[in-house]
*Asks:* 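Please see the structure below; I have some questions.
Side chains are part of it too, since the values below use all heavy atoms of this structure and drop only hydrogens, waters and symmetry mates. What you see is a predicted model, and the numbers here were worked out from it, not measured in a lab.
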Amino acid sequence: MKKLQLTSVLVIALILINCKNERDPDFLINNLQVGKLMRTSPVSDLETIYSNDSIVRDTLLPTLVSNANTIKVFEKGGQHLLTLTPNGDSIPKIGIIRVLDPRFKTENGIGLQSTFKEIKDKCVIKKIVTSLNNVIIFIENSDVYFTIDKEELPASLRYDTSINIEEVQIPDDAKIKYLMIGWD
């Protein structure tokens, strides 16, 4: 009888652990998709893909700057999910995605509320690029990249644009400013 109870408890525990680790596919990021959006999806299919959500197209910018149109995807209720920038192909697809909703996470659990330590622990960093106000972290074998504000860095690294910042110089608790996916 005790073995049966112990076995039952173990089975229930395993089921709960497995259920907790499953990711909602509507908020999963991998090399083939970002939530409902597939890498191969043409821009013309966005209305169908996000039929339960709201899409806002930038109508002023394309007239001022060619190929600078953005598309914002909002969840019903107003939560800004994604900002999409189409590529310049003859059949436009999504080129760049900016994730704005913290529910979106990569396959290894990295999202907008993650820290640099989580990126280091769960990803292989390919390259770190220093810009005027940010540090951009590119991941090996991934289209995902992260931006960390230089304000998260020690003061000695914030203002010198000629310094190439290295992984060891970024504090573990540095927060992600932007989570981006580049499909170009």
*Asks:* Using a 4.5 Å cut-off between side-chain heavy atoms of Ile, Leu, Val, Met, Phe, Trp and Tyr, which other residues end up in the same hydrophobic cluster as M38?
*Replies:*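 Other cluster members: none.
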*Asks:* For the hydrophobic clusters of this structure (ILVMFWY residues joined by side-chain heavy atoms under 4.5 Å, transitively), does one cluster hold both I96 and F146?
*Replies:*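 Not linked; separate clusters.
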*Asks:* Tabulate below the donor-acceptor pairs under 3.5 Å that side-chain atoms of residues 132-143 make, not counting sequence neighbours, or state none.
*Replies:*
{"from": "N134", "atom 1": "OD1", "to": "K177", "atom 2": "NZ", "distance (Å)": "3.0"}
{"from": "S142", "atom 1": "OG", "to": "V144", "atom 2": "N", "distance (Å)": "3.1"}
{"from": "D143", "atom 1": "OD2", "to": "R39", "atom 2": "NH1", "distance (Å)": "2.4"}

*Asks:* For E118, is there any backbone N or O sitting under 3.5 Å from a side-chain donor or acceptor partner on S114?
*Replies:*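 No: the side chain of S114 does not pair with the backbone of E118.
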*Asks:* Answer yes or no: is there a donor N or O on one side and an acceptor on the other, between the side chain of Q33 and the main chain of G35, under 3.5 Å?
*Replies:*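 Yes; at least one donor-acceptor contact below 3.5 Å.
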*Asks:* Rounded to the nearest 0.5 Å, what separation is found between the NZ atom of K126 and the OH atom of Y145?
*Replies:*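 One gets 13.0 Å once the value is rounded to the nearest 0.5 Å.
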*Asks:* How would you list, by chain and number, every residue that makes a side chain to side chain contact (heavy atoms under 4.5 Å, CB included) with Q169, sequence neighbours excluded?
*Replies:*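 Counting only residues at least two positions away or on another chain, Q169 forms a side chain to side chain contact (heavy atoms under 4.5 Å, CB included) with L157, I165, E166.
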*Asks:* Salt bridge (charged side-chain N to carboxylate O under 4.0 Å, His left out) with K150: which residues, sequence neighbours excluded?
*Replies:*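 Not a single residue meets the salt bridge (charged side-chain N to carboxylate O under 4.0 Å, His left out) criterion with K150.
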*Asks:* Between N108 (side chain) and K122 (backbone), is there a donor-acceptor pair under 3.5 Å?
*Replies:*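 Side chain of N108 to backbone of K122: a pair is present.
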*Asks:* Could you tell me whether the side chain of Y178 reaches within less than 4.5 Å of the side chain of R98, counting heavy atoms only?
*Replies:*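 R98 vs Y178: side chains touch.
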*Asks:* Roughly how far, to the nearest 0.5 Å, is CG of L82 from CE of M180?
*Replies:*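 So the CE of M180 and the CG of L82 are separated by 11.0 Å.
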*Asks:* Charged N to carboxylate O under 4.0 angstrom, K127 versus E167?
*Replies:*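 No, no charged N to carboxylate O under 4.0 Å.
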*Asks:* Could you pull out all residues at least two apart from D45 that satisfy side chain to side chain contact (heavy atoms under 4.5 Å, CB included)?
*Replies:*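 Expected list: P42, I49.
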*Asks:* Can you list, by chain and residue number, the hydrophobic cluster partners of L32 when the side-chain cut-off is 4.5 Å?
*Replies:*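 For L32, no cluster forms, as it stays isolated from other hydrophobic side chains.
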*Asks:* Find the distance between CD1 (I94) and OG1 (T85) and round it off to the nearest 0.5 Å.
*Replies:*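 Nearest 0.5 Å value for the CD1-OG1 distance: 8.0 Å.
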*Asks:* About how many Å separate NE2 of H80 and NZ of K72, when rounded to the nearest 0.5 Å?
*Replies:*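 With rounding to 0.5 Å, NZ (K72) is 6.0 Å from NE2 (H80).
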*Asks:* Does the side-chain contact (heavy atoms from CB on, under 4.5 Å) test come out yes or no for L37 and L46, once each step is laid out?
*Replies:* CA-CA 8 Å; L37 185 65; L46 290 177; 3.7 Å; yes
*Asks:* Would you say that F74 contacts V56 through its side chain, given a criterion of any heavy-atom pair below 4.5 Å between the two side chains?
*Replies:*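 SC-SC contact between F74 and V56 confirmed.
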*Asks:* Listed by chain and number, what are the salt bridge (charged side-chain N to carboxylate O under 4.0 Å, His left out) partners of K120, not counting sequence neighbours?
*Replies:*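 If we apply the salt bridge (charged side-chain N to carboxylate O under 4.0 Å, His left out) test to K120, skipping adjacent residues, the hits are D172.
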*Asks:* Please identify each residue that fulfils ring-ring contact (aromatic ring centres under 6.0 Å, His included) with F104, with sequence neighbours left out.
*Replies:*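 Once residues adjacent in sequence are excluded, the partners of F104 under the ring-ring contact (aromatic ring centres under 6.0 Å, His included) criterion are F27.
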*Asks:* Applying salt bridge (charged side-chain N to carboxylate O under 4.0 Å, His left out), can you list everything that pairs with K93, at least two apart in sequence or on another chain?
*Replies:*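 K93: no salt bridge (charged side-chain N to carboxylate O under 4.0 Å, His left out) contacts found.
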*Asks:* Let me see the working for N52 and E75 under side-chain contact (heavy atoms from CB on, under 4.5 Å), right down to the final yes or no.
*Replies:* CA-CA 8 Å; N52 293 327; E75 188 174 49; over 6 Å; no
*Asks:* Is a donor on one side and an acceptor on the other found under 3.5 Å between the side chain of D89 and the backbone of P92?
*Replies:*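 Between the backbone of P92 and the side chain of D89 there is no qualifying donor-acceptor contact (under 3.5 Å).
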*Asks:* Between I128 and I170, is any pair of side-chain heavy atoms under 4.5 Å apart?
*Replies:*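 Yes. Closest side-chain heavy atoms under 4.5 Å.
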*Asks:* For the CG atom of D24 and the CZ atom of R103, what is their distance to the nearest 0.5 Å?
*Replies:*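 If we round to the nearest 0.5 Å, D24:CG and R103:CZ are 8.5 Å apart.
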*Asks:* Quick one: are T70 and L84 in side-chain contact, heavy atoms under 4.5 Å?
*Replies:*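 No, every pair of side-chain atoms sits at 4.5 Å or beyond.
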*Asks:* Of V99, T115, I110, which is the lone residue that meets side-chain contact (heavy atoms from CB on, under 4.5 Å) with I176?
*Replies:*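 Output: one option passes, namely I110.
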*Asks:* Who passes ring-ring contact (aromatic ring centres under 6.0 Å, His included) against Y50, sequence neighbours left out?
*Replies:*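 Result, ring-ring contact (aromatic ring centres under 6.0 Å, His included) vs Y50: none returned.
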*Asks:* Is there a side-chain contact between I181 and I29, using heavy atoms and a 4.5 Å cut-off?
*Replies:*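 The answer is yes; the side chains approach within 4.5 Å.
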*Asks:* Answer whether the closest heavy-atom distance between the side chains of T130 and I163 falls below 4.5 Å.
*Replies:*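 The answer is no, as the side chains (C-beta and beyond) never meet within the 4.5 Å cut-off.
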*Asks:* Taking only residues two or more places apart in sequence or in another chain, which ones pass side chain to side chain contact (heavy atoms under 4.5 Å, CB included) with E151?
*Replies:*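 Expected list: D149, R158, Y159.
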*Asks:* Ignoring hydrogens, what is the shortest heavy-atom contact between I148 and A174? Give both atom names and the distance.
*Replies:*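 Where I148 meets A174 most closely, the heavy atoms are CG2-CB, 4.0 Å.
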*Asks:* With clusters built from Ile, Leu, Val, Met, Phe, Trp and Tyr whose side-chain heavy atoms come within less than 4.5 Å, directly or transitively, what are the remaining members of the cluster of V124, listed by chain and number?
*Replies:*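 Joined to V124, directly or through intermediates: none.
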*Asks:* To the nearest 0.5 Å, how far apart are OG in S54 and CD in E47?
*Replies:*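 Those atoms lie 9.5 Å apart.
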*Asks:* For residues K117 and D173, determine if any side-chain heavy atom of one lies less than 4.5 Å from a side-chain heavy atom of the other.
*Replies:*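 No, every pair of side-chain atoms sits at 4.5 Å or beyond.
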*Asks:* Hey, quick one: are L112 and V34 part of the same hydrophobic cluster, counting side-chain heavy atoms closer than 4.5 Å, chains of contacts allowed?
*Replies:*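 Result: yes, single cluster for both.
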